[in-house]
2 protein chains.
Amino acid sequence: MELTAAKQKFIEAWGKLGSEWGINRTMAQVHALLLVSPEALTTEEIMKDLSISRGNANMTLRDLIGWGLVEKQHKAGERKEYFYADKDTWNIARQVAKERRKRELDPVLKILDELSNVQGDVKDPEFKTFNKTVTDINKLAKNVDKTLDTMLKAEESWFWGSIFKMFK
Amino acid sequence: MELTAAKQKFIEAWGKLGSEWGINRTMAQVHALLLVSPEALTTEEIMKDLSISRGNANMTLRDLIGWGLVEKQHKAGERKEYFYADKDTWNIARQVAKERRKRELDPVLKILDELSNVQGDVKDPEFKTFNKTVTDINKLAKNVDKTLDTMLKAEESWFWGSIFKMFK
DNA sequence: TTAAACTTTCAATAATTACTGAAAGTTTAA
DNA sequence: TTAAACTTTCAGTAATTATTGAAAGTTTAA
């Protein structure tokens with residue numbers, strides 16, 4: 001396969017995976033494009049490569065910066081802004097985990113805690129089932145939360161080393 | 001808080017979390033409703049509780065069965081079908097992990113393997129960056145795949161026990 | 001058989017989400 | 001200052017995704 005075709009395929013696959021996981025397809029594609037670009041790119045280049053509008057490129061890049069996945073760069077003597085993506089896969093995974101935890105897991109944990117404390121008649125099957133489901137999910141979510149916390153603090157090798165110990 | 005209000009809040013929160021993770025909001029809500037229902041429910045009851053149409057209820061329930069999260073039940077002497085959700089949180093987590101792996105991770109792993117094998121000029125920075133990014137992501141994805149495999153085979157206590165060892 | 005009770009399908013429509021492009025805003029160099 | 005070079009905003013529109021509801025299909029009991 002051609003390098004150009006291979007890049008294209010990577011960008012498409014990444015976009016599809018992103019959209020299946022609730023991440024805007026274009027955002028995932030812009031990220032993918034930057035991940036396979038050795039040099040930082042300008043808005044113009046991104047617009048052209050992915051055939052997207054200036055407005056879309058601008059907002060998407062802003063979002064990616066907000067996710068901590070992309071940074072602005074300036075080149076000496078130039079007005080234009082350049083965009084560069086960290087290529088360290090472990091950093092990317094941690095950054096995504098960190099943001100999704102903050103944006104999505106934390107709010108739901110708060111609600112689960114609240115719902116776990118709802119009082120009711122333990123003889124009532126409606127209450128019993130509600131209470132069991134909510135407290136069980138709350139426990140699971142807290143486990144996930146703790147595991148993410150460990151992952152965020154960890155070095156890659158240590159983290160996967162620990163995971164691998166599970167197999168032995 | 002009222003039990004009824006609490007259920008409502010749980011259904012909404014679950015629907016929101018689902019939609020943020022690429023799962024149809026209604027599907028997540030129907031699942032949530034069944035999770036807090038001690039008895040199996042009919043299509044009619046689900047339609048009424050969530051104010052959704054018959055067609056939507058029917059297709060959503062079919063999807064949930066396809067995900068292995070809900071099962072049909074029949075009551076003796078009755079024509080109607082009843083729907084029941086497994087309430088074991090660990091089973092639910094494993095089932096979701098299993099399906100998403102099959103539907104989303106496996107296809108992307110296949111593409112990453114293919115792209116990892118693309119040949120090129122190691123002196124070309126374009127190729128070098130592409131190759132590094134793709135092979136690194138491929139490695140990470142394979143680690144996730146293996147971890148999921150372990151999780152799918154594991155008992156809950158064993159799995160979380162192993163995770164907790166990471167903290168010590 | 002048949003008709004009532006129930007389930008499934010899917011074309012039409014609604015709701016949501018994403019994108020465009022032009023205008024407004026900002027920065028820089030002369 | 002000013003005007004060129006660049007970035008940001010956002011109302012309007014397009015694309016995608018989800019839902020409805022009525023018709024078609026199926027099952028069961030008499």
Please give, in whole Å, the distance from C:dA5 C1' to B:Y82 OH?
13 Å

NA contact type, B:T42, heavy-atom cut-off 4.0 Å: base, sugar-phosphate, or nothing?
nothing

Separation of atom NZ in B:K75 from atom C1' in D:dT28, rounded to whole Å
20 Å

With heavy atoms under 4.0 Å as the rule, sort A:R25 into base, sugar-phosphate or nothing.
nothing

Give none if C:dA11 has no partner; otherwise give the nucleotide forming a Watson-Crick or G-U wobble pair with it, both distances under 3.5 Å.
D:dT20

For the side chain of B:K75 and the backbone of B:Q73, is there at least one donor-acceptor N/O pair under 3.5 Å apart?
no

With the side chain counted from C-beta on, respond yes when B:L140 and A:W160 share a heavy-atom pair under 4.5 Å apart, and no when they do not.
yes

Quick check on D:dT8: is either OP1 or OP2 less than 4.0 Å from any side-chain nitrogen or oxygen of A:N58?
yes

Whole Å only: how far is the CD atom of A:E78 from the C1' atom of C:dT28?
14 Å

I'd like to know whether CD of B:E2 has more than 12 heavy-atom contacts from other residues, nucleotides or ligands below 6.0 angstrom.
no

Here the distance between atom C1' of D:dA29 and atom NZ of B:K80, to the nearest Å, is 16 Å

Does a distance-only test, which skips hydrogens and angles, find a donor-acceptor pair under 3.5 Å between the side chain of A:R54 and the base of D:dT8?
no

Given atom CG of B:L41 and atom C1' of C:dT7, what is their separation to the nearest angstrom?
17 Å

Rounded distance in Å - CZ (A:F83) to P (D:dT8)
7 Å

Examine B:K123 relative to B:F127 and say whether NZ or CZ is less than 6.0 Å from the centre of the six-membered ring and inside a 45° cone about the ring axis.
no

Whole-Å distance separating the CH2 atom of B:W21 from the P atom of D:dT17:
19 Å

Pairwise 5' ranking along DNA chain D for A:N56 and B:M27, keeping only the more 5' one
A:N56

Using purine N1 to pyrimidine N3 plus N6-O4 or O6-N4 for Watson-Crick, or N1-O2 and O6-N3 for G-U wobble, both under 3.5 Å, which nucleotide pairs with C:dA24?
D:dT7

5' precedence on DNA chain D between A:G55 and B:G77 (nearest-nucleotide basis):
A:G55

To the nearest angstrom, the CD-P distance between A:E45 and D:dC6 comes to 12 Å

Closest-nucleotide 5' rank along DNA chain C - winner of B:T43 and A:I23
B:T43

Mind checking if B:N24 touches a base, just sugar-phosphate, or nothing, with heavy atoms under 4.0 Å?
sugar-phosphate

What nucleotide, of D:dT20, C:dC19, C:dT8, holds the atom closest to the side chain of B:I52?
D:dT20

Any side-chain N or O of A:R79 less than 4.0 Å from the OP1 or OP2 oxygen of D:dT7?
no

Could you check whether B:K7 makes a cation-pi contact with A:F130, meaning its NZ or CZ is under 6.0 Å from the centre of the six-membered ring and within 45° of the ring axis?
no

Only one of B:D63, B:N56, B:N58 passes side-chain hydrogen bond (donor to acceptor under 3.5 Å, both in side chains) with B:T60, and that residue is B:N56

Can you tell me the Watson-Crick or wobble partner of D:dA30, both distances under 3.5 angstrom?
C:dT1

Using both distances under 3.5 Å as the test, list the Watson-Crick or G-U wobble partner of C:dA18, or none.
D:dT13

